[in-house]
Amino acid sequence: CRALNVSGTTYNLQNHVSNGTNCFTVTAPNIILDCNDYNVTYGTSGSGVGIYNNNNDNFTIQNCQIDPGASASYGINIPNQISNFTLRDSAVEAGASIGVVIVVSEDLTITGNSFYRFAPSNSDLLDIQGGTIGAVITSNTFQTTNGPGVYGEGISYSDTAPSHML
């Protein structure tokens with residue numbers, strides 16, 4: 001776990017990673033995080049975030065297994081506007097909180113992922129909020145034993161979410 005801070009870099013995981021609080025923080029634009037199907041475990045000793053990006057455009061997450069620890073907060077947290085975000089071919093376990101939250105962003109591609117929760121919670125697996133435009137959400141699987149799966153607030157009508165297993 002570390003800061004992803006070199007613009008134009010593809011970060012490739014070579015093994016499973018874990019941290020007591022936050023795992024990856026994106027601090028530069030034009031970043032690809034390829035987990036190569038390794039686990040990103042966060043919040044093992046307290047509240048935390050698996051992958052955090054605050055306003056850095058052109059960000060891709062692929063081939064990740066994102067797992068909460070005991071008191072985790074968010075698997076992926078994008079609290080402020082970014083353009084061109086892609087999440088593909090990954091699995092996100094929500095635990096007792098939100099799996100992925102994206103606020104006021106544009107040109108999102110969320111495809112080929114699994115979102116799931118087995119812990120009791122009233123939080124969302126995928127939460128897209130506040131004026132997000134240009135979202136393509138396709139070929140994902142959502143599985144929860146309780147609580148909502150997908151929440152969208154203020155998403156423009158040009159967005160698509162055509163093929164999912166719920």
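Because the structure is predicted, anything quoted here is derived from the model rather than measured. Only heavy atoms go into these numbers, but all of them, side chains included; no hydrogens, no water, no symmetry mates.
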Might you point out which heavy atoms bring [X] and [Y] nearest each other, and give the distance in Å?
{"X": "Thr111", "Y": "Ser139", "answer": "OG1-CB, 4.1 Å"}
{"X": "Asn19", "Y": "Cys1", "answer": "CB-SG, 3.7 Å"}
{"X": "Ile82", "Y": "Phe85", "answer": "CD1-CB, 3.5 Å"}
{"X": "Asp89", "Y": "Asn113", "answer": "N-OD1, 3.2 Å"}
{"X": "Pro79", "Y": "Asn53", "answer": "CD-O, 3.4 Å"}

A side-chain contact here means heavy atoms from C-beta on lying under 4.5 Å apart; do [X] and [Y] qualify?
{"X": "Arg88", "Y": "Thr60", "result": "yes"}
{"X": "Ile128", "Y": "Ile110", "result": "yes"}
{"X": "Ile31", "Y": "Asn56", "result": "no"}
{"X": "Thr141", "Y": "Tyr116", "result": "no"}

Short question: side chain of [X], backbone of [Y] - any donor-acceptor pair under 3.5 Å?
{"X": "Ser7", "Y": "Asn30", "answer": "no"}
{"X": "Ser114", "Y": "Ala91", "answer": "no"}
{"X": "Tyr52", "Y": "Tyr74", "answer": "no"}
{"X": "Ser105", "Y": "Ile102", "answer": "no"}

**Message:** If hydrophobic clusters are built by linking Ile, Leu, Val, Met, Phe, Trp and Tyr wherever their side-chain heavy atoms come under 4.5 Å apart, do Tyr38 and Val92 end up in the same one?
**Reply:** yes

**Asked** Under a 4.5 Å side-chain heavy-atom rule over Ile, Leu, Val, Met, Phe, Trp and Tyr, are Ile32 and Phe59 clustered together?
**Response**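 Hydrophobic grouping puts Ile32 apart from Phe59.
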
**Message:** According to ring pair (Phe, Tyr, Trp, His ring centres under 6.0 Å), who are the partners of Phe24, at least two apart in sequence or on a separate chain?
**Reply:**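 So Phe24 forms no ring pair (Phe, Tyr, Trp, His ring centres under 6.0 Å) with any residue.
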
**Request:** May I ask you to check whether Asn58 and Asn84 show a side-chain donor-acceptor distance below 3.5 Å?
**Result:** yes

**Message:** Less than 3.5 Å apart, any donor N or O on the side chain of Ser73 or Ser97 sitting next to an acceptor on the other?
**Reply:** no

**Item:** Single hit among Val104, Val101, Asp124 for side chain to side chain contact (heavy atoms under 4.5 Å, CB included) with Gln129
**Value:**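 Of all the options given, the one that passes is Val101.
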
**Message:** Can you tell me how the ring of Phe115 sits relative to the ring of Phe142, calling it parallel under 30°, perpendicular over 60° and tilted otherwise?
**Reply:**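 Taking Phe142 first and then Phe115, their aromatic rings lie parallel (interplane angle under 30°).
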
